[in-house]
Enquirer: 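One structure, as structure tokens, below. Some questions next.
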Amino acid sequence: MTVSDGQVMALRGILSAASYQDAAEAERRLIQLATSESAAGFGYLLYTAFVVAARRAFSPSWTRADVIRLVADVRASACLDPNDIDPLAAEHQLRTALGERIPGCPPEEARARAQVILLMTLTRDLSGPELDGVLAEARTLADQLINQQRASGGD
């Protein structure tokens, strides 16, 4: 199993949706992929895209205050109900993506929701080629993670 072209295109569609109609179409394609292909590849792609985007946004250095500020800004956004994202899960996911080792782990649903919302925020202002660069790097990393898991007997 590796990340498919369709999975990359579905994530790109979600991240570059310019209208409600675009977002609905991207979501429809994603649902089709989830029922026709292994959803695990998409999960790896989403995670690695989040990590790549976070590291690019916070490079070359960051502080806890930077992370807290971003999460607060996302929660204060007019298009988002503040309860849609758990601030502790969001901060945990960002700090982990940036390389900090943090004990404990938020619930899976809170982690996934935080990753999706933060990824959308982190890639919102990227040009098409910049977004393609994030997705290409994420795909390579996702495939590496999948192969590592397969080699260790996890798949």
Enquirer: To the nearest 0.5 Å, how far apart are OG1 in Thr123 and CG in Leu15?
Expert: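 Thr123 OG1 to Leu15 CG: 4.0 Å, rounded to 0.5 Å.
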Enquirer: Hey, could you give me the CZ/OG distance between Arg139 and Ser4, rounded to the nearest 0.5 Å?
Expert: 6.5 Å
Enquirer: Walk me through whether Val116 and Phe50 qualify under side chain to side chain contact (heavy atoms under 4.5 Å, CB included).
Expert: CA-CA 8 Å; Val116 169; Phe50 167 69; over 6 Å; no
Enquirer: Once you round to the nearest 0.5 Å, how far does CG of Leu94 lie from CD of Gln115?
Expert: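 Output value for this atom pair is 9.5 Å.
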Enquirer: When rounded to the nearest 0.5 angstrom, what distance separates CD1 in Ile146 from OG1 in Thr48?
Expert: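 Separation between the atoms: 8.5 Å.
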Enquirer: Can you tell if the side chain of Asp132 reaches within under 4.5 Å of the side chain of Arg12, non-hydrogen atoms only?
Expert: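 With C-beta onward as the side chain, the pair touches.
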Enquirer: In this structure, would Met9 and Leu45 fall into the same cluster of hydrophobic residues linked by side-chain contacts under 4.5 Å?
Expert: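 No, separate clusters.
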Enquirer: I want to check something: taking the side chain as every heavy atom from C-beta on, are Val3 and Phe42 in contact at a cut-off of under 4.5 Å?
Expert: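 Answer no - side chains too far apart.
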Enquirer: Just so I know, are the side chains of Pro106 and Asp86 near enough to count as touching, which here means a heavy-atom distance under 4.5 Å?
Expert: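 Contact flag for Pro106/Asp86 side chains = no.
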Enquirer: Return the minimal non-hydrogen interatomic distance between Ala54 and Leu98, and the atom names on each side.
Expert: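 Closest approach of Ala54 to Leu98, heavy atoms only: O-CD2, 3.6 Å.
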Enquirer: Is a side-chain donor or acceptor of His92 paired with a backbone partner of Gly104 at a separation under 3.5 angstrom?
Expert: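 Such a contact is found between His92 side chain and Gly104 backbone.
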Enquirer: Nearest 0.5 Å, please: how far is CG in Leu119 from CD1 in Ile14?
Expert: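 The CD1 atom of Ile14 sits 9.5 Å away from the CG atom of Leu119.
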Enquirer: Would you name the heavy atoms of Val74 and Ile117 that are closest together and state the gap between them?
Expert: CG1-CG2, 3.6 Å
Enquirer: Considering non-hydrogen atoms only, spot the tightest contact between Ala49 and Leu135 and give its length.
Expert: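 Of all heavy-atom pairs spanning Ala49 and Leu135, the closest is CB-CD2, 4.4 Å.
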Enquirer: Report the distance from atom CD of Glu91 to atom CZ of Arg95, rounding to the nearest 0.5 Å.
Expert: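 CZ of Arg95 is found 7.0 Å from CD of Glu91.
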Enquirer: Are Leu122 and Val134 side-chain neighbours, meaning at least one heavy-atom pair lies under 4.5 Å?
Expert: no
Enquirer: Assigning hydrophobic clusters by single linkage (Ile, Leu, Val, Met, Phe, Trp, Tyr; side-chain heavy-atom cutoff under 4.5 Å), is Val8 placed with Leu145?
Expert: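 Yes; Leu145 is reachable from Val8 via cluster members.
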Enquirer: Please answer whether the main-chain N or O of Phe58 pairs with a side-chain N or O of Asp66 as donor and acceptor at a distance below 3.5 Å.
Expert: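 Flag not set: sc Asp66 to bb Phe58 has no pair under 3.5 Å.
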Enquirer: Evaluate the criterion side chain to side chain donor-acceptor pair (under 3.5 Å) for residue pair Thr96 and Gln93; output intermediate values, then yes/no.
Expert: CA-CA 5 Å; Thr96 300; Gln93 290 302 282; 5.0 Å; no
Enquirer: Should Trp62 and Arg55 be marked as a side chain to side chain contact (heavy atoms under 4.5 Å, CB included) after you check the CA-CA gap, both sets of side-chain angles, and the distance that decides it?
Expert: CA-CA 9 Å; Trp62 60 277; Arg55 289 181 178 176; over 6 Å; no
Enquirer: Under a plain distance cut-off of 3.5 Å, with no hydrogens placed, do Glu137 and Thr140 share a side-chain donor-acceptor pair?
Expert: no
